[in-house]
There are 2 protein chains.
Amino acid sequence: MEERKKQVLNAIIKDYIANAEPVGSRAVAKKYDLGVSPATIRNEMSDLEEEGYIEQPHTSAGRIPSAKGYRYFVDHLMQRERLTTAQLKAVRQAMRGRVDEMEDFMRSCCNMISQLTHYTALVAMPEQGRGTLENIQLVPVSDHQLLVVLLTSTGLIRHKLVDLPQEISWDELAGIESRMRRQLCGREIKTITYELLHDLLADYQLQEKISAQALELIEQTLSQEAGHKIFTGGVTNMLSQPEFHDIDKLKSMFSLIEEDDKLEKLLGAAAGGQLTVAIGGEIPVEGIEDCSMVVANYFVNGEKAGSIGVLGPTRLNYGRTVSMMEVIASELSKAISAKDDKNK
Amino acid sequence: MEERKKQVLNAIIKDYIANAEPVGSRAVAKKYDLGVSPATIRNEMSDLEEEGYIEQPHTSAGRIPSAKGYRYFVDHLMQRERLTTAQLKAVRQAMRGRVDEMEDFMRSCCNMISQLTHYTALVAMPEQGRGTLENIQLVPVSDHQLLVVLLTSTGLIRHKLVDLPQEISWDELAGIESRMRRQLCGREIKTITYELLHDLLADYQLQEKISAQALELIEQTLSQEAGHKIFTGGVTNMLSQPEFHDIDKLKSMFSLIEEDDKLEKLLGAAAGGQLTVAIGGEIPVEGIEDCSMVVANYFVNGEKAGSIGVLGPTRLNYGRTVSMMEVIASELSKAISAKDDKNK
DNA sequence: TGTTAGCACTCGATGAGGGAGAGTGCTATT
DNA sequence: AATAGCACTCTCCCTCATCGAGTGCTAACA
């Protein structure tokens, strides 16, 4: 694409992001001095429209960026915005909380993100399949119930109640516990399977006491499937965006946010690299075609642990948001990794 | 109040609840045959307005109920609506879930309530100050960290990480644990105070090891202050209500729902009895004057354990909602109490 | 005395008409 | 290739008239 055309596209998108109103040739010529007249810009705009980067809501209005236009902008034109010191401070502040109680910690991260970006924040807890098992504890609750408590190196604590088919004595339980602890602690969690547990307790008597069903439950607790918890914050922010003054759009967005599996799909967008931008139809969920997302992964000791993201209108301030998410994800990685090390 | 005036008020409120539009004298006369002409009804309406039970949005419109009108309706006129068998089934269905994982259980209750009522549901977890302590477990995490796991008779499981000022050996820990267990298990949780813990571990050596700060943390975990978790569900339902087509109203409602302490205040409305209806300004939180709430308490073995509620427009279907909340609260009480017994 | 019919009046909602203004596309000019 | 000029097309907004629902009042009626 020729340089000037890029500049025009850039100007249109920047202006539209700032003002949420169609941008005319005159405005481009005035505010972003490209050294040419509105007429020239009109010609460029005409070309850009033909190529699908911008569109016209109606004949006598200015142009607005299309999804393709935003995509080009994000890929080639967007400039990252440095965070102000105040913003950086806010990020660090949120990270200072006790990382111990992972849930509270992530929740406050979520709030911080929504406040900083002014969009809706989505935060996924660290996947528990990552890291190693630090400790396992079996607590008898009653004759037929057992509480399994797990600690992982990623700082996660999980518990689950397990129904037992038979009574089990204190001694037996202690035996099982120490055996499990010996065999499982220090192991990578994802390598712990039903078969492993089964073999571990292959001893006939123990097998019978614990039963296949209970073993399965324990494995579930261990495996990552169990707790894919996702927090949301700052949905209120959306109400200030002019594009969501339409109640129907709001509805489709809110109903999405109330469904956990859809949320998971959303954050799944950042499959590959560190940070992904999904624009309009690129979002892997139906019904929010007018939205964009910025999703970043965070890492614990080099391994992907979870994702954080924001959801906003396609008229998202990509430059600012991407910078923020990069910084936040990296700080988050640091904070959790540090905690991880401290535990060892 | 004279019988006919009651009937007129009743008709107006019923109609307004159904249609969300000002009700005229003609409509009352036609749909709810009181055997009198519109003119007579107009006179009654004029009286009702003078007494403050209804108001007129503008001169040439029908009447809408005022907060005072709704209050009179709820106190004197409202008829409970029997739940259909399908609705009852839905309630029981939600209760069938594993009561073990209290959090998941309450969350699904929350969804059920919002789906059934078509309003926004608020559900508070059982207060953990209630009931007795069933079991306590201290799990060493690292040299200087300790995981405290608690089980209560109300089926709640709580854990908290505690920083220790000094290393503590396995044996010492086991000693502390068994001592705590001996002294605390079976006790009512609200009777467990910092002083008690302090005395319990009065032994000089142990004191030093565990430190005041850690004790405080343990007490916090035990006391009810810690986990007043409140779930919300079905906020989307509000978007369908015509009164919330106004974005500003939506905003004030949503921002409220995102603040936990405000939510707590809301559910606190049901201070006394089984079920409370708060209309408009009666709601104990600013900023949602156009809303009403129905809050019910649920009980575990006769003691108040928590609250459930719905939030909707003042034009709430009180009859239907009150019946539903009564049934749900009583089923919930049963379900949790049953679980409680099973644990003993 | 309570009820009703009739009627004038009020006021929001609806829709048509008519600038004003913004922005475009085309054409002729530099 | 870039620009200035110009006619044209929209939307937006204001005004105005009409319509109709609903009231309040008064007078008649049982």
Side-chain angles (χ1 to χ4, degrees), chain A residues 1-66 69 242-243 245-246, chain B residues 1-9 11-16 18-66 69 242-243 245-246:
Chain A
M1 198 186 286
E2 307 94 76
E3 191 52 36
R4 199 175 57 196
K5 219 143 101 189
K6 281 191 200 174
Q7 287 181 358
V8 172
L9 181 57
N10 192 23
I12 292 174
I13 295 186
K14 270 191 177 168
D15 205 80
Y16 188 68
I17 284 177
N19 305 318
E21 265 161 34
V23 193
S25 55
R26 228 180 107 75
V28 172
K30 224 186 227 171
K31 289 197 229 170
Y32 310 80
D33 46 12
L34 312 185
V36 291
S37 76
T40 313
I41 292 182
R42 275 208 285 286
N43 289 329
E44 302 279 17
M45 282 168 121
S46 188
D47 288 357
L48 281 168
E49 180 161 19
E50 215 163 284
E51 292 161 49
Y53 292 106
I54 55 179
E55 349 183 288
Q56 228 173 342
H58 53 261
T59 326
S60 77
R63 307 303 217 287
I64 60 174
S66 67
E243 27 267 284
H245 282 16
D246 176 12
Chain B
M1 197 186 288
E2 307 95 76
E3 190 51 38
R4 200 176 56 195
K5 218 141 102 188
K6 280 191 200 175
Q7 286 181 358
V8 172
L9 181 57
I12 291 174
I13 293 186
K14 270 191 178 167
D15 205 80
Y16 188 67
N19 305 318
E21 264 161 33
V23 194
S25 55
R26 228 181 106 75
V28 173
K30 225 185 227 173
K31 289 197 228 168
Y32 310 80
D33 45 14
L34 312 187
V36 292
S37 78
T40 311
I41 293 181
R42 274 207 287 284
N43 289 329
E44 302 279 17
M45 282 168 122
S46 187
D47 287 359
L48 281 168
E49 180 160 18
E50 216 164 283
E51 293 160 48
Y53 292 106
I54 55 180
E55 359 185 276
Q56 229 173 342
H58 52 262
T59 327
S60 77
R63 305 303 215 289
I64 60 174
S66 68
E243 26 266 284
H245 282 17
D246 177 13

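Side chains are part of it too, since the values below use all heavy atoms of this structure and drop only hydrogens, waters and symmetry mates.
Within a heavy-atom distance below 4.0 Å of DNA chain D, the residues of residues 52-63 of chain A found are His58(A), Thr59(A), Ser60(A). Of the residues in residues 29-46 of chain A, those lying under 4.0 Å from DNA chain D by heavy-atom distance are Gly35(A), Val36(A), Ser37(A), Ala39(A), Thr40(A), Arg42(A), Asn43(A). Residues of residues 9-24 of chain A that place a heavy atom closer than 4.0 Å to DNA chain C, in numerical order, are Gly24(A).
Sorted by first and then second residue, the pairs that involve residues 28-40 of chain A and meet salt bridge (charged side-chain N to carboxylate O under 4.0 Å, His left out), not counting sequence neighbours, are Asp15(A)-Lys31(A).
At least one side-chain heavy atom of Glu51(A) sits under 4.5 Å from a side-chain heavy atom of Asp47(A). Within the 4.5 Å cutoff, side-chain heavy atoms of Val28(B) are placed close to those of Val23(B). The shortest side-chain heavy-atom distance between Val36(A) and Ile41(A) falls under the 4.5 Å cut-off. Between Arg63(A) and Pro22(A), the closest side-chain pair of non-hydrogen atoms is not below 4.5 Å. With a 4.5 Å cut-off on side-chain heavy atoms, Tyr53(A) and Lys5(A) do not count as touching.
Nucleotides of DNA chain D with any atom under 4.0 Å from a heavy atom of chain B span, from 5' to 3', dA21(D) to dG24(D).
Atom CZ in Arg42(A) sits 13.5 Å away from atom CD in Glu49(A) (nearest 0.5 Å). With values rounded to the nearest 0.5 angstrom, Leu48(B) atom CG is found 6.0 Å from Ile12(B) atom CD1.
A salt bridge links Arg4(B) with Glu44(B): at least one charged nitrogen is closer than 4.0 Å to a carboxylate oxygen.
Between the side chain of Ser66(B) and the backbone N or O of Gly52(B), at least one donor-acceptor pair lies under 3.5 Å.
The side-chain contact (heavy atoms from CB on, under 4.5 Å) test applied to Glu21(B) returns no partner, not counting sequence neighbours.
Contact detail for Gly69(B) and Leu9(B): the closest heavy-atom pair is O-CD2, 4.5 Å.
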